[in-house]
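Here is the structure we will look at.
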Amino acid sequence: MTALARNTDPETSHDAARGVKISVLENIVLASLKILGPQTAEEIASSSEIDLQSITPRMRPLANKNYVRDSGQRRPGKSGTKRIVWERIG
């Protein structure tokens with residue numbers, strides 16, 4: 001399975017999407033949450049040394065698959081805005 005790009009995205013985005021293995025990124029997110037506990041997407045990106053733009057799009061699909069959920073907690077991100085703290089289910 002590979003990542004998706006929007007129809008309106010430039011061809012370079014489609015090329016990049018074809019090269020991303022979603023399962024690999026999802027597994028990194030799940031491992032980070034298992035090892036470090038509940039985190040924001042920004043914290044997961046930092047701890048895994050992966051771009052935030054690669055981590056953020058993984059969160060909602062993982063929630064839809066019932067692997068993670070919104071913990072109900074919020075923490076400020078680097079910009080100062082509140083971020084969802086995600087937790088692993090199971």
Any side-chain heavy atom of E26 sitting closer than 4.5 Å to one from V29? no
Quick check: is I89 connected to I35 through a chain of hydrophobic side chains (ILVMFWY, heavy atoms under 4.5 Å apart)? no
For A31 against R88, the heavy-atom pair lying closest together: N-NH1, 4.1 Å
Please tell me if the side chains of M59 and I44 come closer than 4.5 Å, counting only heavy atoms from C-beta onward. yes
Would you say the side-chain atoms of S47 and S32 include a donor-acceptor pair closer than 3.5 Å? yes
With sequence neighbours left out, write down each residue that passes salt bridge (Lys or Arg N to Asp or Glu O under 4.0 Å) with E42, or none if nothing qualifies. none
Linking I/L/V/M/F/W/Y whenever any side-chain heavy atoms sit under 4.5 Å apart, do L52 and V85 land together? no
CD1 of I84 to OG1 of T40, rounded to nearest 0.5 Å, is 10.0 Å
Hey, what do you get for NZ (K34) to CG (N27), rounding to the nearest 0.5 Å? 11.0 Å
Between G80 and P76, the two heavy atoms sitting closest are O-CB, 3.9 Å
Flag the pair S48 / I55 as yes when at least one side-chain heavy-atom distance between them is below 4.5 Å, and no otherwise. yes
Output, in order, the C-alpha distance, side-chain angles, deciding distance and verdict of side chain to side chain contact (heavy atoms under 4.5 Å, CB included) for E87 and Q73. CA-CA 10 Å; E87 62 185 3; Q73 299 176 357; over 6 Å; no
From S46 OG over to D51 CG, what is the distance, rounded to the nearest 0.5 angstrom? 11.5 Å
At what distance, to the nearest 0.5 angstrom, does CG of L62 lie from CZ of R69? 13.5 Å
W86 versus V68, closest heavy-atom pair with distance: CE3-CG2, 3.9 Å
What heavy-atom pair brings S54 and I50 nearest, and what distance separates the two atoms? CB-CG2, 3.7 Å
Taken to the nearest 0.5 Å, the spacing of R58 CZ from K65 NZ works out to 8.5 Å
